Asker: 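Have a look at this one before I ask anything.
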Protein chains: 2
Amino acid sequence: MDKRLNDGQDLRVPAICRACDARHRGICGAMTAEQLAEFSRFTTRKKIGAGTELHGQGERVISYANVLRGVVKLTKVMQDGRQQIVGLQFAPDFIGRPFASESTLTAEAATDAEICAVSKGALDRMVATAPDLEHKLYHQALLELDEARDWMLTLGRKTAREKVASFLHLIAAHYDPECNETVAFDLPLSRQDIGDFLGLTIETVSRQMTKLRQEEVIIVENNRHVIVSDMERLARIAGID
Amino acid sequence: MDKRLNDGQDLRVPAICRACDARHRGICGAMTAEQLAEFSRFTTRKKIGAGTELHGQGERVISYANVLRGVVKLTKVMQDGRQQIVGLQFAPDFIGRPFASESTLTAEAATDAEICAVSKGALDRMVATAPDLEHKLYHQALLELDEARDWMLTLGRKTAREKVASFLHLIAAHYDPECNETVAFDLPLSRQDIGDFLGLTIETVSRQMTKLRQEEVIIVENNRHVIVSDMERLARIAGID
DNA sequence: CGATGTCTTGAAGCAGTTCAACCAGGGTGG
DNA sequence: CCACCCTGGTTGAACTGCTTCAAGACATCG
């Protein structure tokens, strides 16, 4: 039986959660109807515009969030302004760092997005008593760690060309987990953000994109829309095994 | 009362664990005497020489380990041989990736080391039933994620000089958590490894070390022994806030 | 004491940055 | 409705920091 359908009829589950896309895929999937009901008293679903900051580097954190739609970027900055994106969160990812009062990074919407924010206290309390929830969070942390380490290889050892291809591959793979031969999508990041993600300048990103376009690895429309006709080829250029 | 002393007299705790340095600091700290007794039937304490591989990238993993002494490096390689160190594990760190059968990286002793290996099955079973243990593992995963993201900033946005200084700072801070003004230590990595950690060539690492030596930021003896006289200054050069 | 591996130093080359100009699209106001 | 500007992206030319390639110094160990 489809759990989602079943759940949609379970009136103990809050209405807002019953209508939520991320209900089963995200951390909420680990909660019972009763827990959700209790929990939802501390959650707020909201739409945020691109550029909205959820919390800043060095700030005290008072809430966590789940991404429901859009992309949130996690960035670190040095005093002199140099910037590095250290993570991209897609739906239904969890945003926040349990067991730390201060954030070591900034979380900011890269695109228009929708999130379900929850007070830190409420989640911390629930984590302390619900092993299933902590298990789910642990699971996501491990996935993020895998991603971070993959990206370290990209940052440390790949050429600009490979980096840009790796980025395109990452986004494409996210939009099409089936990994079809051809994929089309809108880039969730500006050229500046792509540069900050890849450890490159905006000019280098632009030049490499142009080259990939000329070689017909990608087709670009309106600067943001990208069509990859041969994912295999892109992966090869990206240096992905 | 000192828990360690107390524990040393508790005969339900296996002898090998009673004598273990990492007993309370590592994940074992989350276990009861009974759990340890059960658990120790599946653990093997062993000394391994520098260069010993614990598991390789792409291999099936059959055991986890705790570092008791020495340093273990986690590396990723591309088919053409380019290599990146994506993590350094010190005592009492846990090595392994729960919930994955295959490893996406290689774990290899960077120095002579001592580890406490445990069969994957035994730990997985215990994790499934002991929330405290999973909590501890989750906690470490989050710390590793923090470290990985810090390093992404280093890899993506720092100059060779700042990278080398950052590395020295990292090692120094590990040997002296008190953060005294002056710290002396042996480098746990060869120049090649340092390069692979920083995304630089061995020559660039060497040149930057020479420069730092000439500026008297560090004193180097026998290539491996380093003395930092002014940690503040090193941090400034490393671009650490 | 030579042999081997590790580290340093030097010189030349190149990938990516920097600086500057240009272009396209989209909104604003005269 | 067009001139204007403003933002985000592209392109070009000169520069530079890191790499590459090659040789030499140093330590360690049979």
Side-chain angles (χ1 to χ4, degrees), chain A residues 49-51 73 78 80-84 110-112 154-168 186-215 218-226 237-239, chain B residues 49-51 73 78 80-84 110-112 154-168 186-215 217-226 237 239:
Chain A
K73 59 180 180 178
M78 297 172 66
D80 62 8
R82 278 177 287 175
Q83 197 159 0
Q84 176 69 43
T111 64
D112 289 345
T154 300
L155 286 173
R157 290 304 187 194
K158 292 190 183 175
T159 63
R161 176 181 171 82
E162 290 169 331
K163 283 181 176 180
V164 171
S166 295
F167 170 73
L168 293 171
D186 278 330
L187 288 175
L189 268 51
S190 68
R191 296 292 187 274
Q192 181 61 64
D193 280 345
I194 298 174
D196 286 344
F197 192 35
L198 296 170
L200 296 172
T201 60
I202 187 175
E203 292 96 332
T204 302
V205 171
S206 181
R207 277 186 250 272
Q208 295 300 333
M209 294 271 289
T210 304
K211 257 184 105 186
L212 291 175
R213 216 174 49 218
Q214 286 167 348
E215 295 168 18
I218 53 172
I219 299 167
V220 181
E221 289 164 358
N222 297 329
N223 284 336
R224 283 287 185 123
H225 192 74
V226 174
I237 295 173
Chain B
K73 59 181 181 177
M78 298 173 65
D80 63 8
R82 277 176 288 174
Q83 197 158 359
Q84 177 69 43
T111 64
D112 289 344
T154 301
L155 286 173
R157 288 305 185 193
K158 292 190 184 176
T159 64
R161 176 181 170 81
E162 289 168 331
K163 283 181 176 180
V164 171
S166 296
F167 170 72
L168 293 171
D186 278 330
L187 288 175
L189 300 185
S190 68
R191 296 292 188 275
Q192 181 61 64
D193 281 343
I194 298 174
D196 286 344
F197 192 33
L198 297 170
L200 296 173
T201 60
I202 187 173
E203 293 95 331
T204 302
V205 172
S206 181
R207 277 185 250 272
Q208 296 299 334
M209 293 273 287
T210 303
K211 257 185 106 187
L212 291 175
R213 217 173 47 217
Q214 286 166 349
E215 295 168 20
V217 177
I218 54 172
I219 298 168
V220 181
E221 290 164 357
N222 297 330
N223 284 336
R224 284 289 185 119
H225 192 73
V226 175
I237 295 173

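Please read these numbers as outputs of a predicted model, since none were measured by experiment. Proteins get letters first, then strands, A, B, ... in listed order; numbering begins at 1 in each.
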Asker: Just the rounded figure in Å: distance from C1' of dT19(D) to NZ of Lys163(B).
Answerer: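 Checked: the NZ to C1' distance equals 12 Å.
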
Asker: Tell me the interatomic distance from Arg213(A), atom CZ, to dT11(D), atom P, rounded to whole angstroms.
Answerer: 6 Å

Asker: Between Thr204(B) and Arg224(A), name the one whose nearest nucleotide on DNA chain D is closer to the 5' end.
Answerer: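 This one resolves to Arg224(A).
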
Asker: When you measure from the side chain of Gln208(B), which nucleotide among dC7(C), dT11(D), dC18(D) comes out closest?
Answerer: dC18(D)

Asker: Starting at atom CZ of Arg157(A), determine the distance to atom C1' of dA15(C), rounded to an integer number of angstrom.
Answerer: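 Computing the Arg157(A):CZ to dA15(C):C1' distance gives 15 Å.
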
Asker: Tell me: CG of Leu198(B) to P of dC18(D), nearest whole Å?
Answerer: 12 Å

Asker: Heavy atoms only, 4.0 Å cut-off, all strands: where does Ile202(A) land among base, sugar-phosphate and nothing?
Answerer: nothing

Asker: Report which part of the nucleic acid Gly199(B) touches: base, sugar-phosphate, or nothing (heavy-atom distance under 4.0 Å, all strands).
Answerer: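 The residue Gly199(B) makes sugar-phosphate contact but no base contact.
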
Asker: Under 3.5 Å, side chain of Ser206(B) to main-chain N/O of Ile202(B), donor-acceptor pair present?
Answerer: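 No: the side chain of Ser206(B) does not pair with the backbone of Ile202(B).
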
Asker: Rounded to the Å, how far apart are Asn223(B) CG and dT4(C) C1'?
Answerer: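 Spelled out: CG on Asn223(B) to C1' on dT4(C) is 15 Å.
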
Asker: Grab the CD-C1' distance between Gln192(A) and dG8(D) for me, whole Å please.
Answerer: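 So the two atoms are 10 Å apart, to the nearest Å.
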
Asker: Can you tell me if the side-chain N/O atoms of Ser206(B) get under 4.0 Å from OP1 or OP2 in dT8(C)?
Answerer: yes

Asker: Distance check needed: dG9(D) P versus Leu189(A) CG, whole Å only.
Answerer: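 Value for this atom pair: 10 Å.
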
Asker: Is there a donor on the side chain of Arg161(B) or the base of dG17(D) sitting less than 3.5 Å from an acceptor on the other?
Answerer: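 When only heavy-atom distances are counted, Arg161(B) does not reach the base of dG17(D) through any donor-acceptor pair under 3.5 Å.
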
Asker: Please check: side-chain N/O of Arg157(A) versus main-chain N/O of Arg82(B), any donor-acceptor pairing under 3.5 Å?
Answerer: no

Asker: Think Arg207(A) has a side-chain N or O under 4.0 angstrom from the OP1 or OP2 of dT11(D)?
Answerer: no

Asker: NA contact type, Thr210(B), heavy-atom cut-off 4.0 Å: base, sugar-phosphate, or nothing?
Answerer: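 The residue Thr210(B) makes sugar-phosphate contact but no base contact.
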
Asker: Whole angstrom is fine here: how far is it from CG in Leu212(A) over to C1' in dG9(D)?
Answerer: 16 Å

Asker: Determine yes or no for a side-chain-to-main-chain donor-acceptor pair under 3.5 angstrom, with Glu162(A) supplying the side chain and Ala238(A) the backbone.
Answerer: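 Absent.
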
Asker: With no hydrogens and no angle check, is any side-chain donor or acceptor of Asp112(B) less than 3.5 Å from a backbone partner on Gly49(B)?
Answerer: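 Not a single qualifying donor-acceptor pair exists.
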
Asker: Do the side-chain N or O atoms of Thr201(A) get closer than 4.0 angstrom to the phosphate oxygens (OP1, OP2) of dT17(C)?
Answerer: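 Indeed, a polar side-chain atom of Thr201(A) lies that close.
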
Asker: If you assign each of Glu203(A) and Val205(B) to its closest nucleotide in DNA chain D, which residue comes earlier from the 5' end?
Answerer: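 Nearer the 5' end of the strand: Glu203(A).
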
Asker: Quick one: does Glu221(A)'s side chain have a donor or acceptor within less than 3.5 Å of a partner on Val226(A)'s backbone?
Answerer: no

